[in-house]
Amino acid sequence: MTVLVINSGSSSIKYQLVEPVSGEAIAVGLVERIGEGTGYITHTYDGNTTEITAPIIDHGDGLSRVLDLFNEKGPRLADADIEVVGHRVVQGGKHFAGPAIITPEVRQIIEDLCPLGPLHNPAHLKGIDVAMKLFDVPHVAVFDTAFFQQLPDEAAVYAIDKKVAQRHAIRRYGAHGTSHHFVSTQVSEILGKNNLKQIVLHLGNGASASAVVAGRAVETSMGLTPLEGLVMGSRSGDIDPAIIFHLARQGNMSIDELDTLLNKQSGLRGLAGENDMRAVREMAVHGDDGAQLALHVYKHRLISYIGSYWTLMGGLDALTFTAGVGENDAQLRSEVIKRLSPFGVKIDEDKNAVRSKEPRIISTEDSSVTVLIVPTNEELAIARQAMSLIS
Ligand code: ADP
């Protein structure tokens, strides 16, 4: 019994064949540069990676090549016993507080939500439409926004004219919810407590923080779209919205140019010229001023959010780092925790330095807050949610 998990982007498709009970990723792959001249596919099964370089016309072409790869390189899909296909969907608006079987009605809602998720939902629909033709099993959408559906109004509502907000469905929907849910649930299991006050820091290329009380999200840093909040690889995170008016009026920038500026040319890339944290660190070590400033701004924003969420929850039991930067950047963790030392937070630097794929506690026995590293696994979370919905 397996689940095929599909994360379809505008020019890429990530997929995993997952055994949802053991959590094993049986096969993993990525189709890149769809419709862009030369495309790339990598497919890994049983320790062997196959790489293909060829034009990939569209998502249908990409997925049918993936099917060929499964049948040529394994595992054969006829023998894989796929029970359900789970699709990642970034924007579920106010409609979905959990996963949903993709019926024509659900598909229509995902389509209607494209204006709120213009970078993601149209791409997800391409993957959904193609996969539904290819796999005659139930298909389930798992929404990044679902975990944040129950945000209290005080956190979800923007202080703008409420009639305008209502007309345009403007509120804070959050994102990365599948990861924040997965990681905060793991923390509860590791610590054996359900009533924890937690902060989860998902620091990847996109980055977000959440505050979770007794398993329920009460705050998150992403808003109407994944642009709000922390400094990210290429997104600005929080800015004064008046910067947009200023650049439109004084800089003659169009809406599309502003969108590109804030989503693709800002964050670490805007300040240091590189969006990849490893590259920024490397530049900083060699004395690059822009990279050093980028790291300071990144850390400053992170610490502000931790302080804010700690206060909002009236306490903090567990602080968890996850995703590429959170799981791997020991220096960032060390520097962030040092800033929390006036509040009694302490980590064991030896434990902090260990590289591992396992969830682990890195705080000392006498720390006021338990500090953890919990590797996220959105594909497994999607597989398990899809499986539990159909059973
Ligand atoms: P996403 O899924 O959002 O594309 P990931 O969770 O894979 O992103 O995180 C990618 C980020 O993790 C990149 O900025 C990368 O530089 C960073 N990263 C990976 N390994 C390390 C490391 N050892 N030190 C610092 N950053 C790292």
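Throughout, numbering of the chain's residues begins at 1 and tracks the sequence.
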- Message: Using side-chain contact (heavy atoms from CB on, under 4.5 Å), reason through Glu349 and Asn352 one step at a time and then give a plain yes or no.
- Response: CA-CA 5 Å; Glu349 286 295 350; Asn352 183 41; 3.3 Å; yes

- Evaluation steps, side-chain contact (heavy atoms from CB on, under 4.5 Å), between Met313 and Glu219: CA-CA 9 Å; Met313 290 190 290; Glu219 246 302 0; over 6 Å; no

- Could you check Phe147 against Val212 for side-chain contact (heavy atoms from CB on, under 4.5 Å), going step by step and ending with a plain yes or no? CA-CA 10 Å; Phe147 185 51; Val212 180; 4.1 Å; yes

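Inspection of the Ser266 and Ser236 side chains reveals no N or O donor paired with an N or O acceptor under 3.5 Å. For the residue pair His124 / Ser8, no side-chain donor-acceptor distance below 3.5 Å is found, with atom types taken as modelled. Looking at Asp112 and Gln108, their side chains do bring a donor and an acceptor atom within 3.5 Å of each other. Looking only at atom types and distance, the side chain of Gln265 has no donor-acceptor partner in the side chain of Thr260 under 3.5 Å away.
Taking a cutoff of 4.0 Å between a charged side-chain nitrogen and a carboxylate oxygen, Arg281 and Asp329 qualify as a salt bridge. A salt bridge links Arg107 to Glu111: at least one charged side-chain nitrogen sits closer than 4.0 Å to a carboxylate oxygen. Between Asp61 and Arg65 there is a salt bridge, since at least one side-chain N of the basic residue sits less than 4.0 Å from a carboxylate O of the acidic one.
In the hydrophobic clustering of this structure, Val142 groups with Met1; members are Ile, Leu, Val, Met, Phe, Trp, Tyr whose side-chain heavy atoms approach within less than 4.5 Å, directly or through other members. Val369 and Val200 fall into different hydrophobic clusters, where Ile, Leu, Val, Met, Phe, Trp and Tyr side chains are chained together by heavy-atom contacts under 4.5 Å. In the hydrophobic clustering of ILVMFWY residues, with side-chain heavy atoms under 4.5 Å counting as a link, Met253 and Ile243 come out together. No continuous path of ILVMFWY side-chain contacts below 4.5 Å connects Leu4 to Val140, so the two sit in separate hydrophobic clusters. Leu230 and Val374 fall into different hydrophobic clusters, where Ile, Leu, Val, Met, Phe, Trp and Tyr are joined by side-chain heavy atoms under 4.5 Å apart, directly or via other members.
The other members of the hydrophobic cluster of Met132, by chain and number, are Val89, Phe96, Ile102, Val106, Ile109, Ile110, Leu113, Leu116, Leu125, Ile128, Phe143, Tyr158, Ile160, Ile170, Tyr173, Leu224 (side-chain heavy atoms under 4.5 Å, ILVMFWY only).
Applying the salt bridge (charged side-chain N to carboxylate O under 4.0 Å, His left out) test to Arg76 and every residue at least two apart in sequence or in another chain returns Asp79.
Ring planes of His180 and His176: tilted class, angle from 30 to 60°.
Taking the six-membered ring for Trp and the full ring otherwise, His87 and His139 have centroids separated by under 6.0 Å. Taking the six-membered ring for Trp and the full ring otherwise, the centers of His43 and Phe70 sit less than 6.0 Å from each other.
Within 6.0 Å of the NZ atom in Lys299, the count of heavy atoms belonging to other residues, nucleotides or ligands exceeds 12.
Heavy-atom minimum distance, Leu295 versus Ala284: CD1-CB, 3.6 Å. Closest approach of Leu340 and Trp310 over heavy atoms only: CD2-CZ3, 4.4 Å.
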